[in-house]
Amino acid sequence: MSKISYIQPDGNVLAVDAAPGTSVMHVALVNDVLGIVAECGGNTMCATCHVYVDAGDLVQLPEMEGDEDAMLDCTASPREPNSRLSCQIKVPAESAGITVRVPERQV
Amino acid sequence: MSEARTVLTGQDAVVIIGAGQAGFQAAASLRDEGFAGRITLIGDEPYLPYQRPPLSKTYLAGSLDEEGLTLRPASFFERNSIELLMGDTAVAIDRDKQEVKLASGRLVGYAHLILATGTRPRPLVAEGADLAGVHILRTKDDADALRPCLGDGSRVAVIGGGFIGMEFAAVAADAGHEVVVIEGLARIMARSVSPELSEYVTAAHRGRGTRMLLGSGVQRLTGDAGRVTGVVLADGETAAADVVLVGIGVLPNAELARDAGLEVANGIAVDGSLLTADPRISAIGDCANYPSAHDSGRPTRLESVQNAVDHARHVAARLTGGSYAAYQKVPWFWTHQLGLNVQIAGIGSADDDCVLRKDPAGEKFSIYRFQSQRLVCVESVNQPGAHMLARRMLAGEVRPSPAQVADPGSDLKALLTPAV
Ligand SMILES: Cc1cc2nc3c(=O)[nH]c(=O)nc-3n(C[C@H](O)[C@H](O)[C@H](O)COP(=O)(O)OP(=O)(O)OC[C@H]3O[C@@H](n4cnc5c(N)ncnc54)[C@H](O)[C@@H]3O)c2cc1C
Ligand code: FES
């Protein structure tokens, strides 16, 4: 098991267990994490699962695909260099954990 | 009957009939907008609200589990004080008393009622339609009944070449089955997509070994000991089949509204702000027929997640903010078949002029559809960037001309963001 920590805009942190291979979006929904809307259900169609990945954790993730890149141009909160769609981030196998920041707005 | 309120207060109760994508979103968005009154969400399916798109894709194929289907866990509804009445059916609306009657006998009063009843599959009227092995696909129960059929090398017939039928055909072919698709019209997905896209997707299915019988009617289904054995086509040929999926469109669940005296015409009729003629009743999602700004104001009933979600948000904003502004969102939709990512923005019609724009690198292209030189719809295959750009273009007034689209050297994105 890895841990995913979700930091809310107000600074609140929720750390939950996550099985490798599941998506950071899925783990958020199952654990009722605030601020992950995921309206398209993980299909890279809506950009309402936007997160900012902790800079140190970014390196352990595979490069994003073209469709995620295109969709990130349409986020409600500004796109940053560490912006990702949480539905496209799979919890890496040998990871101790990932920390992501939930943006101010998704819609 | 109390006077209809423009803006609801914390003393008011909202009742939502139908706990699907639209009903769930309406409840969630009302809380997002700060509504503090009572919310009751009534759904006749015995499950927490779930999403349907995976039913014909990943859930059917087995790569997504039940938990992944569910929109939110039970704790979400508790935390937001959304009263969930699952496994109960609304059977009547008393508009004078502002009260909904449930099959259980329970009565629920409302200040505002949101109808989000969705649709149901159109039944096949043919001899043998009730044989074992003949399926439909709308609910989780339907998918659970179909899933075991995809394990055993059976012969699959799909009646109806719409999105759901073609997605099912793709999953069945991927699972190694012999598949035949029987479509009455001359092309698949004809109601929504351009002839060019129909043709491309048809070729992809043929390439996977699926028999595509277009312009082909169904006479009857044959059976043995109560189980389906084949589909007899209009020309007399029989396509042998152990499993038949019927996907010939849907009927809106509008009887409840009709019986309450509301106007029903291909769904529940609503105005531009998604309100029925009764100022206390709105209708949203698949069941709502509304004048669409993206189809010259014509009455439009769309079946998509985007439509359900954006309708719900619009009504939640109206009930908490009091603005009767017209719903304006750009419609978008996706379908996944045989590894193709098809994305559609806008609404096309049969007589559109189509311009193809192809990425020289690989199987990526978009079909731009024009009405009187005005861009109205873009269909993209494996080109999410073009799709996203299309959604932005269709939301505004700056749209490329057919000539600009046809010119492979033109930069469509630059049109939207003029150099300063
Ligand atoms: C197999 C399948 C695949 C799809 N794929 C896609 C896709 O890829 N992309 C996309 O955008 N869209 C897709 N859709 C369409 C999308 O799922 C629908 O547009 C969306 O679910 C509509 O939401 P809704 O809430 O209006 O209706 P529904 O989700 O149908 O919900 C309505 C609910 O109300 C209940 N109900 C009805 N009457 C009553 C009553 N009297 N009392 C209590 N409950 C009642 C129904 O049982 C149902 O649970 C797909 C649909 C299906 C079936
Ligand atoms: S859930 Fe829609 S893009 Fe991630």
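The chains referred to below are lettered A, B, ... by the order of the sequence lines, with proteins before strands, and numbering in each begins at 1.
Within the 4.5 Å cutoff, no side-chain heavy atoms of B:Gln306 are placed close to those of A:Met45.
Within 6.0 Å of atom CD in A:Glu104, 12 or fewer heavy atoms from other residues, nucleotides or ligands are found, so the atom counts as exposed in its surroundings. Within 6.0 Å of NZ in A:Lys90 there are more than 12 heavy atoms belonging to other residues, nucleotides or ligands.
Contact residues of residues 29-44 of chain A toward chain B are A:Leu29, A:Val30, A:Asp32, A:Leu34, A:Ile36, A:Val37, A:Glu39, A:Cys40, A:Gly41, A:Asn43, A:Thr44 (heavy-atom distance under 4.5 Å).
For B:Leu71, the part sitting under 4.5 Å from any heavy atom of chain A is the backbone (N, CA, C, O) and nothing else. Looking at B:Gln383, there are no atoms closer than 4.5 Å to chain A (heavy atoms on both sides), in backbone or side chain. When heavy atoms are compared at a cutoff of 4.5 Å, B:Gln51 approaches chain A solely by way of its side chain, counted from C-beta outward. Contacts of B:Phe24 with chain A are absent, with no heavy-atom separation under 4.5 Å from either backbone or side chain.
Here the closest non-hydrogen pair linking A:Ala70 and B:Gly385 is CB-CA, 3.6 Å.
By number of non-hydrogen pairs under 4.5 angstrom with chain A, the leading residue of B:Arg391, B:Gln343, B:Arg313, B:Lys57 is B:Arg313.
Ion pair A:Asp73/B:Arg392 not flagged as a salt bridge, since none of the NZ, NE, NH1 or NH2 atoms sits closer than 4.0 Å to an Asp/Glu carboxylate oxygen.
Distance CE/B:Met388 to CG/A:Asp69: 12.0 Å, rounded to 0.5 Å.
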